[in-house]
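Here is the structure we will look at, set down as structure tokens.
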Amino acid sequence: MISLTDIIKYFHKGSVNEVFALNSINLEISEGDFVSVIGSNGAGKSTLLNCIAGVFFPDSGSIRIGGTDVTGWPEYKRARLISRVFQDPLLGTCPSATIEQNMALARLRGKKRGLGRGVKKSDRDYFREQLQKLGLGLEDRLLDKVGLLSGGQRQALTMLMATMIRPEVLLLDEHIAALDPKTANQILNLTQEIVSSIKVTTLMITHNMKHAISFGNRLIMLHQGRILLDLRGKEKEGLTVKDLLTQFYQAQGEELAMDSLLLS
Amino acid sequence: MTLYAALGAVEQGLVYGIMVIGVYLTFRILDFPDLTVDGSLPLGASISAVAITSGVNPYLSLLLALAGGFVAGMVTALLNTKFKILHLLASILTMIALYSINIRIMSGPNIALLGVDTVFDSVIRLGVPSHLAGLIVFGLFALLVLLCTIWFLSTEIGQAILATGDNPQMIRSLGVNTHTIIILGVGLSNGLVALSGALVAQNQGAADVGMGIGTIVAGLASVIIGETVFGCTTMARAFIAALLGSIVYRLAIALALGLEFGDFRFNPSDLNLITAILVIGALIAPNLKKRLIQR
């Protein structure tokens with residue numbers, strides 16, 4: 001489904017601030033895989049997702065999605081195939097537009113926009129039906145501005161908008177990190193429900209090792225721009241945070257240090 | 001203020017209201033402060049005046065002016081999006097370039113429309129008294145532009161324009177090329193400003209390269225007065241408020257120019273000072289109101 005070949009990405013190349021963000025990443029993700037991506041700050045997780053989404057282009061290497069080479073495609077063009085949910089709940093929706101206007105924008109993801117009405121009458125019932133799935137009562141608030149919603153509600157709406165029209169790939173960039181624990185769990189469950197119901201290939205960045213272990217069928221750990229661990233199927237089942245840390249240090253060849261406190 | 005002066009102010013408010021709708025589109029909707037308008041207003045005037053004097057139908061000349069303004073706006077937006085020049089700077093560059101271009105178009109700093117047919121003459125021929133012709137033509141055009149703008153912004157493309165100003169990151173991830181949208185939006189805005197300039201020129205019987213000075217200030221003043229007085233809760237309401245704000249602004253100016261304190265009177269050259277005071281007043285009014293209510 002997604003195939004990354006020798007992806008290399010520098011930031012500020014040639015300056016004192018040079019960062020080697022992705023160090024020849026090779027990754028094959030199959031159709032329907034739910035991959036959780038972990039790694040410390042600066043490991044390259046977001047850079048990896050942004051490269052796939054087309055926010056910036058890799059310095060070298062190629063990206064294929066569903067057999068199409070999308071390496072040179074700009075961000076807006078890749079939106080035909082990819083949906084995204086960001087860490088900041090404010091980024092996924094338009095605050096000054098109403099709920100139905102936001103959903104209408106998302107309904108046309110990757111499609112030509114013309115001179116038809118932005119929100120059609122026939123859309124409204126469909127939007128209501130979709131919003132009911134969230135169980136947040138938003139179906140009765142189609143005409144409310146999204147800026148009035150809480151961060152959790154906005155993130156739930158973003159999840160819905162990202163998956164309402166089934167994408168080929170769903171990218172979740174720490175999409176629950178800015179929410180309180182209870183809301184974060186609700187959004188995470190919603191994610192699980194949606195991903196399994198539409199069977200979409202998903203990459204989810206998380207800082208929470210427990211989430212990384214309990215969600216998805218594959219786990220990737222990035223470290224300094226490389227894929228350090230890649231566990232799937234049986235290797236991933238029954239994994240504990242402790243196992244993960246042990247494997248991390250084995251792979252990294254460093255001693256267990258005080259860091260375990262930081263990572264647990 | 002005499003009735004005659006008030007009528008003149010409303011007339012001006014309506015015709016410059018078309019410009020204000022354009023300014024609202026960039027300044028508020030796209031979040032793109034655009035100074036090109038100081039150049040595209042006289043651009044519209046000169047294109048229309050030159051076209052009419054060379055025998056083009058006055059209505060068609062308005063369309064040519066609109067197209068010319070659109071291109072000027074596109075240049076500013078291209079400089080900003082494709083060449084990463086700061087929007088303010090990009091628009092100033094286009095504006096000063098237009099100064100020379102307008103003189104080229106008119107083969108001089110101004111051009112008179114003597115003895116040629118304008119859109120006003122065609123209305124007068126229908127039997128409309130000449131002192132009402134301006135009001136009617138400007139009113140109809142302002143209404144038409146207002147309705148078209150509101151309609152356009154509620155289409156699929158229009159909604160993408162609104163979203164681009166609101167949350168560019170989000171709308172890009174939904175597959176919209178924000179560069180194209182900004183070029184379209186700034187183009188449309190300047191098209192409207194040029195249309196307004198063309199109508200002004202046909203009404204006063206001349207186009208002048210200096211007629212655009214202070215356009216953006218008047219535009220912003222009208223936008224801010226409109227928002228403060230009439231509110232901007234929905235998109236349609238905000239555009240209606242912008243047009244009404246333009247009328248209130250011109251009325252306030254006319255009122256101020258007519259004031260007398262003993263021997264003191266305002267001169268037309270005090271206009272900029274009055275505008276500044278009006279804008280400051282409109283900006284601090286909501287704050288002041290809040291404070292007074294708290295007490």
Side-chain angles (χ1 to χ4, degrees), chain A residues 49-50 52-55 73-98 100-120 123 143 145-147 154 157-158 161-162 164-165 167 169-171 173, chain B residues 24-32 77-78 81-84 147-185 187-188 191 223 227 231-239 241-242:
Chain A
L49 250 63
N50 285 336
I52 297 174
V55 177
W73 285 23
E75 188 181 357
Y76 67 87
K77 201 173 169 192
R78 291 191 203 182
R80 287 177 206 167
L81 308 171
I82 299 174
S83 263
R84 276 189 289 165
V85 182
F86 307 97
Q87 176 178 6
D88 183 352
L90 305 184
L91 276 182
T93 44
C94 267
S96 64
T98 61
E100 62 174 22
Q101 283 171 335
N102 270 282
M103 293 184 78
L105 286 169
R107 196 182 58 83
L108 291 175
R109 177 176 51 78
K111 297 203 183 79
K112 271 250 175 295
R113 285 163 208 265
L115 291 177
R117 283 198 72 77
V119 185
K120 294 180 188 63
D123 288 341
L143 293 174
K145 288 196 174 174
V146 168
R154 283 181 78 162
L157 180 61
T158 312
M161 283 164 54
M164 197 166 56
I165 304 298
V169 175
L170 177 63
L171 300 178
D173 189 352
Chain B
Y24 196 90
L25 193 60
T26 44
F27 186 63
R28 282 285 191 248
I29 302 289
L30 279 177
D31 201 11
F32 188 113
L78 278 169
T81 52
K82 302 296 176 199
F83 301 105
K84 309 265 177 267
L147 292 177
C148 285
T149 309
I150 293 174
W151 166 78
F152 182 63
L153 286 181
S154 42
T155 63
E156 292 165 1
I157 297 179
Q159 293 282 302
I161 294 179
L162 291 171
T164 300
D166 213 14
N167 190 345
Q169 169 70 77
M170 172 251 198
I171 197 69
R172 255 198 311 277
S173 74
L174 291 179
V176 171
N177 184 348
T178 47
H179 286 183
T180 311
I181 291 289
I182 291 171
I183 293 165
L184 175 71
L188 275 179
V223 164
E227 282 179 342
C232 51
T233 41
T234 64
M235 182 269 293
R237 182 169 175 177
F239 275 97

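Values below: all heavy atoms of this structure, side chains included; hydrogens, waters and symmetry mates excluded. It should be emphasised that the depicted structure is a prediction, and the values quoted were computed from it without experimental measurement. Chain A is the first sequence line, chain B the second, and so forth, proteins listed ahead of strands; every chain is numbered from 1.
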Which portion of Ile171(B) sits near chain A, non-hydrogen atoms under 4.5 angstrom = side chain
Exercise: identify the closest heavy-atom pair between Gly92(A) and Met161(A) = O-CE, 3.9 Å
Hey, mind stepping through Phe152(B) and Leu147(B) against side chain to side chain contact (heavy atoms under 4.5 Å, CB included) and telling me if it holds?
-> CA-CA 8 Å; Phe152(B) 182 63; Leu147(B) 292 177; over 6 Å; no
Given that the side chain runs from C-beta out, which part of Ile165(A) has a heavy atom under 4.5 Å from chain B: side chain, backbone, both or neither?
-> neither
How far apart are the closest heavy atoms of Leu171(A) and Ala53(A), and which atoms are they?
-> CD1-CB, 3.8 Å
Tell me, for Ile157(B) versus chain A, whether the close heavy atoms (under 4.5 Å) come from the side chain, the backbone, both or neither.
-> both
Rounded to the nearest 0.5 angstrom, the CD1-CZ distance for Ile150(B) and Phe239(B) is 7.5 Å
Scored by heavy-atom pairs under 4.5 Å with chain B, the best of Gly110(A), Ala79(A), Gly116(A) is Gly116(A)
Compile the donor-acceptor pairs, distance criterion under 3.5 Å only, formed between chain B and chain A.
from	atom 1	to	atom 2	distance (Å)
Ser154(B)	O	Gly118(A)	N	2.7
Glu156(B)	N	Gly116(A)	O	2.9
Glu156(B)	OE1	Gly114(A)	N	2.8
Glu156(B)	OE2	Lys120(A)	NZ	2.8
Ile157(B)	N	Gly114(A)	O	3.2
Asp166(B)	OD1	Ser96(A)	OG	3.3
Asp166(B)	OD2	Ser96(A)	N	3.0
Asp166(B)	OD2	Ser96(A)	OG	2.6
Asn167(B)	ND2	Leu90(A)	O	3.3
Asn167(B)	ND2	Leu91(A)	O	3.0
Asn167(B)	ND2	Thr93(A)	O	2.8
Gln169(B)	NE2	Glu75(A)	OE2	3.2
Arg172(B)	NE	Glu75(A)	OE1	3.1
Leu174(B)	O	Gly110(A)	N	3.1
Leu174(B)	O	Arg113(A)	NH2	3.1
Asn177(B)	ND2	Tyr76(A)	OH	3.2
Thr233(B)	O	Lys145(A)	NZ	2.6

For Ala104(A) and Gly118(A), which heavy atoms make the closest approach, and how far apart are they?
-> CB-O, 3.3 Å
With side chains defined as the heavy atoms from C-beta onward, is the minimum distance between Leu25(B) and Leu188(B) less than 4.5 Å?
-> yes
Most contacts with chain A, counted as non-hydrogen pairs under 4.5 angstrom, among Leu162(B), Leu153(B), Val176(B) = Val176(B)
